[in-house]
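Notes for the one structure printed next.
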Amino acid sequence: MSSTAIPKRVALHRNVTDASAASSVSPSPFDTPRHSPSSSSLSSIEQDASSKMLDTNGKEFKIPDFTIKQIRDSIPAHCFERSAITGLYYLFWDFAVLAAVFTLYYNYVTPEYIPSYPVRFALWGLYTIVQGLYGTGIWVLAHECGHQAFSTSKVVNDTIGWVCHSFLLVPYFSWKISHGKHHKATGNLARDMVFVPKIRSEYATRIGKTIKELSELAEEAPIVTASNLLLQQLFGWLMYLSTNVTGHNNHEDQREGRGKGKVNGYFTGVDHFTPSSPLYEAKDAKLIALSDLGLFLMGCVLYYVGSNYGWVNLAVWYGLPYVWVNHWLVAITYLQHTDPSLPHYQPEVWNFARGAAATIDRDFGFVGRNIFHGIIETHVLHHYISTIPFYHADEASEAIQKVMGDHYRTEAKTGWTGFLKALWTSARTCQWVEPMADAKGESQGVLFFRNINGIGLPPAKL
């Protein structure tokens with residue numbers, strides 16, 4: 001892809017503020033967008049051409065100016081209604097498909113019925129894909145439980161969520177708590193909990209270069225991008241749970257002091273399994289232990305199956321579908337929050353309404369709508385009102401678009417091929433974030449993706 005024809009910019013006059021050095025108190029979701037003392041108003045930014053903000057593709061960006069109240073008021077009242085009966089219907093259907101597919105394969109995809117080994121191999125490969133898709137659907141419904149969108153009962157929600165996520169080796173309460181913090185700080189470089197992009201200096205450090213060397217690098221080889229994507233899709237979910245990779249690294253700001261001296265990484269105590277992890281507070285300890293208990297019980301079930309039916313069989317029946325589930329989770333989450341059109345905010349200019357708009361809806365065709373329960377197609381709405389159940393999300397999503405206007409981002413009607421293509425596009429395009437070179441006032445705290453691959457707007461010259 002050729003570079004966007006954008007004039008060369010003047011030198012960057014300020015250093016990018018490290019998000020780890022800043023913190024902010026989360027405002028009420030009903031607050032109107034607040035402005036930094038260094039900026040008089042959004043109109044002053046718009047009138048000053050020198051401080052115009054451009055996303056990676058060179059398209060002008062304006063800071064959202066609507067409120068959460070306007071978003072909520074635009075949604076029909078019935079969209080907020082939750083039904084345990086409806087939720088259980090979809091859950092039972094997903095489990096029924098899993099059970100039916102397993103029964104069919106277990107009884108009939110055998111040497112007695114299909115003598116050809118290559119054919120059996122191909123069919124069992126298809127089995128892992130189908131089970132992975134429906135396993136992801138169950139994961140999404142458990143995610144609804146975590147947001148209390150499954151039913152009106154917290155006990156029902158948490159019981160079903162704990163069972164379903166434990167079945168998929170997900171620590172339910174642990175992830176529910178950290179995911180809730182993600183929703184409260186989406187797009188905040190200092191406090192967000194997942195896929196927090198690196199600023200230029202952090203990106204340079206990660207690849208072992210200085211900032212100056214980074215500016216002199218040639219285009220990254222596609223094979224490097226492909227390798228990084230493969231590692232992300234295979235191990236990203238497990239790495240996130242065990243090391244908090246892609247989450248913020250500002251644990252010193254943990255209000256109970258649990259994060260003192262702790263950083264993301266292996267065996268540092270920053271994970272989703274340890275009750276003393278700085279991702280949580282002391283009051284969460286019992287819930288973290290209960291999450292671990294769920295994993296232990298499922299581990300016992302898997303050990304029993306492997307011991308009695310063979311470890312290779314266990315790998316095919318459960319292990320490979322589990323890998324597929326993890327792949328889809330990482331791909332979905334990554335593409336919800338990583339796109340050339342999306343901004344990220346320093347804490348001093350962030351608020352809930354702005355952060356929730358820094359997400360994007362995509363399309364995954366039949367699978368997205370019918371198996372993944374619309375989690376890909378209605379994610380922007382989900383960040384504004386996460387208690388709306390998925391079966392009302394389409395109608396509610398259409399309603400909020402009238403308030404969001406140009407701030408609503410979507411890649412609708414691209415299908416599953418467009419979704420997979422976006423994985424590659426984002427990996428090549430979204431490598432770090434930085435402000436505009438000549439940013440002034442509030443726009444200094446709005447950062448956009450840049451890359452060394454010559455795609456879109458070039459990085460600021462240092």
Side-chain angles (χ1 to χ4, degrees), residues 16-29 31 34 36 143 146-148 158 161-162 165 170-199 201-203 205-206 236-295 333 337 344-352 354-356 358 383 386 433 445 447:
V16 178
T17 303
D18 190 338
S20 65
S23 64
S24 67
V25 178
S26 176
S28 166
D31 287 349
R34 63 192 164 118
S36 164
H143 161 260
H147 283 292
Q148 306 304 306
D158 286 342
W162 180 76
H165 266 174
V170 177
Y172 172 71
F173 291 103
S174 308
W175 184 81
K176 170 187 170 181
I177 294 169
S178 68
H179 185 65
K181 293 181 178 180
H182 158 62
H183 271 257
K184 293 177 181 178
T186 305
N188 186 319
L189 287 168
R191 293 174 42 234
D192 202 351
M193 298 295 294
V194 64
F195 284 113
V196 180
K198 299 185 183 301
I199 60 175
S201 60
E202 293 170 336
Y203 179 82
T205 300
R206 184 178 71 83
W237 175 241
L238 297 178
M239 289 282 288
Y240 177 66
L241 292 179
S242 59
T243 71
N244 199 44
V245 65
T246 80
H248 78 72
N249 207 15
N250 302 325
H251 307 300
E252 291 280 354
D253 294 335
Q254 211 267 6
R255 63 183 181 179
E256 292 183 339
R258 291 172 153 220
K260 188 175 182 179
K262 292 186 178 180
V263 295
N264 296 340
Y266 295 106
F267 312 113
T268 62
V270 183
D271 57 54
H272 284 72
F273 309 109
T274 308
S276 61
S277 170
L279 300 180
Y280 312 109
E281 299 176 16
K283 65 181 178 63
D284 300 322
K286 292 181 179 179
L287 294 177
I288 309 309
L290 185 56
S291 300
D292 294 343
L293 175 62
L295 300 182
T333 309
H337 301 284
H344 286 76
Y345 298 91
Q346 295 286 19
E348 61 270 14
V349 301
W350 175 92
N351 66 32
F352 186 90
R354 294 174 178 180
H383 264 278
S386 59
V433 292
L447 282 63

>> Run Val194 and Thr246 through side chain to side chain contact (heavy atoms under 4.5 Å, CB included) and show every step you take.
In response: CA-CA 5 Å; Val194 64; Thr246 80; 4.0 Å; yes
>> Let's go through Arg354 and Val349 carefully: what are the C-alpha distance in whole Å and the side-chain angles of both, what is the deciding distance for side chain to side chain contact (heavy atoms under 4.5 Å, CB included) to 0.1 Å, and is it a yes or a no?
In response: CA-CA 9 Å; Arg354 294 174 178 180; Val349 301; 4.1 Å; yes
> Any donor and acceptor pair, going by atom type alone, linking the side chain of Thr186 with main-chain N or O of Ala356 inside 3.5 Å?
Replying inline: no
> Which value, rounded to the nearest 0.5 Å, describes the distance between His179 atom NE2 and Thr333 atom OG1?
Replying inline: 8.0 Å
> Which pair of non-hydrogen atoms, one from Tyr172 and one from Asp158, has the smallest distance, and what is that distance?
Replying inline: OH-OD1, 2.7 Å
> Roughly how far, to the nearest 0.5 Å, is CZ of Phe173 from CG of Asp292?
Replying inline: 12.0 Å
>> So, using side-chain contact (heavy atoms from CB on, under 4.5 Å) as the criterion, who are the partners of Ser174 when residues are at least two apart?
In response: Pro171, His272, Tyr280, Ile288, Ser291
> Can you tell me how far the CG atom of Leu447 sits from the NZ atom of Lys198, to the nearest 0.5 Å?
Replying inline: 14.0 Å
> Should the pair His183 and His143 be assigned to parallel (<30°), tilted (30 to 60°) or perpendicular (>60°) ring geometry?
Replying inline: tilted
> What's the verdict on side chain to side chain donor-acceptor pair (under 3.5 Å) for Tyr345 and Asn351, showing C-alpha distance, side-chain angles and the deciding distance?
Replying inline: CA-CA 9 Å; Tyr345 298 91; Asn351 66 32; over 6 Å; no
>> Test of understanding: with side-chain contact (heavy atoms from CB on, under 4.5 Å), list the residues that count as partners of Val196, not counting sequence neighbours.
In response: Leu189, Asp192
>> Once rounded to the nearest 0.5 Å, what's the spacing between atom CH2 of Trp175 and atom CE of Met193?
In response: 11.5 Å
>> Could you work out, with ring-ring contact (aromatic ring centres under 6.0 Å, His included) as the rule, every residue matching His248, not counting sequence neighbours?
In response: His251
> How close do Trp162 and Leu290 get, heavy atom to heavy atom, and via which atoms?
Replying inline: NE1-O, 3.0 Å
> Taking all non-hydrogen atoms of both residues, which atom of Leu241 and which atom of Phe273 are closest, and how far apart?
Replying inline: O-CE1, 3.6 Å
> What's the spacing between Leu293 CG and Leu287 CG if we round to 0.5 Å?
Replying inline: 12.0 Å
> Where is the tightest heavy-atom contact between Asn244 and Val270, given as atom of each residue plus distance?
Replying inline: CB-CG1, 3.8 Å
>> Testing the basics here: between Gln254 and Glu256, what is the closest heavy-atom pair and its distance to 0.1 Å?
In response: OE1-N, 2.8 Å
> Atom CH2 of Trp237 and atom OG of Ser242: how far apart are they, to the nearest 0.5 Å?
Replying inline: 11.0 Å
